[in-house]
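Everything below concerns the one structure shown next.
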Amino acid sequence: MNMNIDLHGQAGLPYINRGVYTGSFSGMRYRMSKETREEEQKALQVVIYPEPFSFACTPEEKKEYRDFPFTPEGFEEAVAYLNEQYESRREEWEEALKNRWK
């Protein structure tokens with residue numbers, strides 16, 4: 001069965017505009033937030049990292065950051081990115097899930 005991350009109806013730009021959205025999918029954790037860049041440009045920042053810890057407790061070297069436009073299209077790109085990262089690194093995420101408390 002092919003499952004993937006679908007954030008429609010859960011997270012979206014209005015939610016992320018007011019706070020941080022975090023989630024996990026089969027060993028891959030992720031965090032989405034609004035960040036302000038130069039000239040007051042808003043960016044949708046996505047961070048992925050392995051289980052088991054929260055964003056704050058995960059070592060920085062295990063986190064990967066990527067920015068997207070803070071637009072509906074940027075949100076779609078960000079969700080596609082999450083799914084691509086999960087699929088292309090599935091073994092890594094499954095290993096993190098399997099060994100999360102070792």
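Residue numbers run from 1 in the order of the sequence given.
- Shown here for G27 and A96, the closest heavy-atom pair between the two residues is O-CB, 3.9 Å.
- Put simply, the side chain of Q45 reaches to within 4.5 Å of the side chain of R37, judged on heavy atoms.
- Y21 and I16 get closest at one heavy-atom pair: CB-CG1, 4.1 Å.
- Heavy atoms from other residues, nucleotides or ligands lying under 6.0 Å from CD of E35 number more than 12.
- Cluster membership for F75 and Y81, using ILVMFWY side-chain heavy atoms within less than 4.5 angstrom, is shared.
- No hydrogens or angles considered: nothing links the side chains of N83 and E87 as a donor-acceptor pair under 3.5 Å.
- Taking hydrophobic clusters as Ile, Leu, Val, Met, Phe, Trp and Tyr residues chained together by side-chain heavy-atom distances below 4.5 Å, V20 does not share a cluster with V47.
- Of all heavy-atom pairs between P50 and T58, the closest is O-OG1, 4.5 Å.
- Heavy-atom neighbours of E61 CD from other residues, nucleotides or ligands within 6.0 Å: above the threshold of 12.
- A donor-acceptor pair under 3.5 Å is absent between the side-chain atoms of K34 and the main chain of F70, judged by distance alone.
- Under a hydrophobic clustering in which Ile, Leu, Val, Met, Phe, Trp and Tyr are joined whenever their side-chain heavy atoms come within less than 4.5 Å, directly or via other members, L13 and Y15 fall into the same cluster.
- Clustering ILVMFWY residues whenever any of their side-chain heavy atoms sit less than 4.5 angstrom apart, transitively, puts Y86 in the very cluster that holds L44.
- Note that OG1 of T71 and NZ of K42 are 10.5 Å apart. Values are rounded to the nearest 0.5 Å.
- For K63, the NZ atom counts as densely surrounded, since its 6.0 Å shell holds more than 12 non-hydrogen atoms of other residues, nucleotides or ligands.
- Taking CD1 of I5 as the start and CD of Q85 as the end, the distance is 10.0 Å to the nearest 0.5 Å.
- Closest heavy-atom contact between S24 and Y30: N-CE2, 3.6 Å.
- When the options F25, Y65, W93 are evaluated for a side chain to side chain contact (heavy atoms under 4.5 Å, CB included) with I48, the one that passes is W93.
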